[in-house]
Amino acid sequence: MASEAKQETNRSDPDVVRLGPKFAPGTWFWQEAPAPARKGARAKPPRWVQYEQDQANRLEWCHQAGVQRVVFCRDDDWVDLREMVRSDG
């Protein structure tokens, strides 16, 4: 699958890809940092939030293609697929 995906890469920029006709859709989550605990209160565990399906499909395809960074609407809203970190500005 990865070799098929690499054929879809943009030759001028290897980190820019087009969504190819064959890929396996996936389910992706991001970890929401808990709010700081009030004094004397127990800390809440982090919460996992599911990406919308169109974003999850984009992340899965790019992950299968070997792309490192996926930018969503703004330049400061991105996911690094090698480090598995997210920034939303």
Side-chain angles (χ1 to χ4, degrees):
M1 179 62 85
S3 62
E4 289 176 15
K6 288 184 190 233
Q7 292 173 358
E8 295 291 328
T9 60
N10 181 332
R11 302 228 185 269
S12 63
D13 186 349
D15 283 339
V16 174
V17 296
R18 294 185 328 232
L19 187 61
K22 297 180 182 179
F23 78 101
T27 303
W28 284 70
F29 293 85
W30 59 277
Q31 185 180 23
E32 185 178 68
R38 288 178 277 144
K39 190 173 184 176
R42 294 175 68 190
K44 292 184 179 179
R47 188 172 76 106
W48 290 94
V49 180
Q50 187 172 351
Y51 278 97
E52 293 179 15
Q53 192 60 54
D54 62 327
Q55 293 176 333
N57 289 346
R58 183 176 177 192
L59 289 169
E60 183 63 28
W61 192 91
C62 289
H63 180 66
Q64 290 180 27
V67 173
Q68 178 171 355
R69 183 171 286 196
V70 177
V71 177
F72 288 106
C73 297
R74 305 177 321 263
D75 286 342
D76 61 349
D77 184 11
W78 52 264
V79 175
D80 186 311
L81 297 173
R82 292 190 188 136
E83 298 293 324
M84 290 296 179
V85 293
R86 174 181 185 266
S87 172
D88 61 359

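Heads up: numbering here begins at 1 and tracks the sequence. Every heavy atom of this structure was used, including side-chain atoms; hydrogens, water molecules and symmetry mates were not. Remember, it's a predicted structure, so these values are computed and weren't measured experimentally.
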> Hey, quick one: are Trp61 and Val71 part of the same hydrophobic cluster, counting side-chain heavy atoms closer than 4.5 Å, chains of contacts allowed?
Replying inline: no
>> Within the structure provided, determine whether Arg58 and Tyr51 are in side-chain contact (heavy-atom separation under 4.5 Å).
In response: no
>> Could you measure the distance from the CZ atom of Phe72 to the CG atom of Asp54? Nearest 0.5 Å is fine.
In response: 8.5 Å
> Got a sec, which residues hit salt bridge (charged side-chain N to carboxylate O under 4.0 Å, His left out) with Glu83, two or more places apart in sequence or on another chain?
Replying inline: none
>> Is the shortest side-chain heavy-atom distance between Arg86 and Asp77 below 4.5 Å?
In response: yes
>> Would you say that Leu81 contacts Trp28 through its side chain, given a criterion of any heavy-atom pair below 4.5 Å between the two side chains?
In response: yes
> Are the side chain of Arg82 and the backbone N or O of Gly66 linked by a donor-acceptor pair below 3.5 Å?
Replying inline: yes
> So how far is it from Trp48 CH2 to Trp30 CH2, rounded to the nearest 0.5 Å?
Replying inline: 10.5 Å
>> Test of understanding: clusters of I, L, V, M, F, W, Y form through side-chain heavy atoms closer than 4.5 Å, transitively. Do Met84 and Val79 belong to the same one?
In response: yes
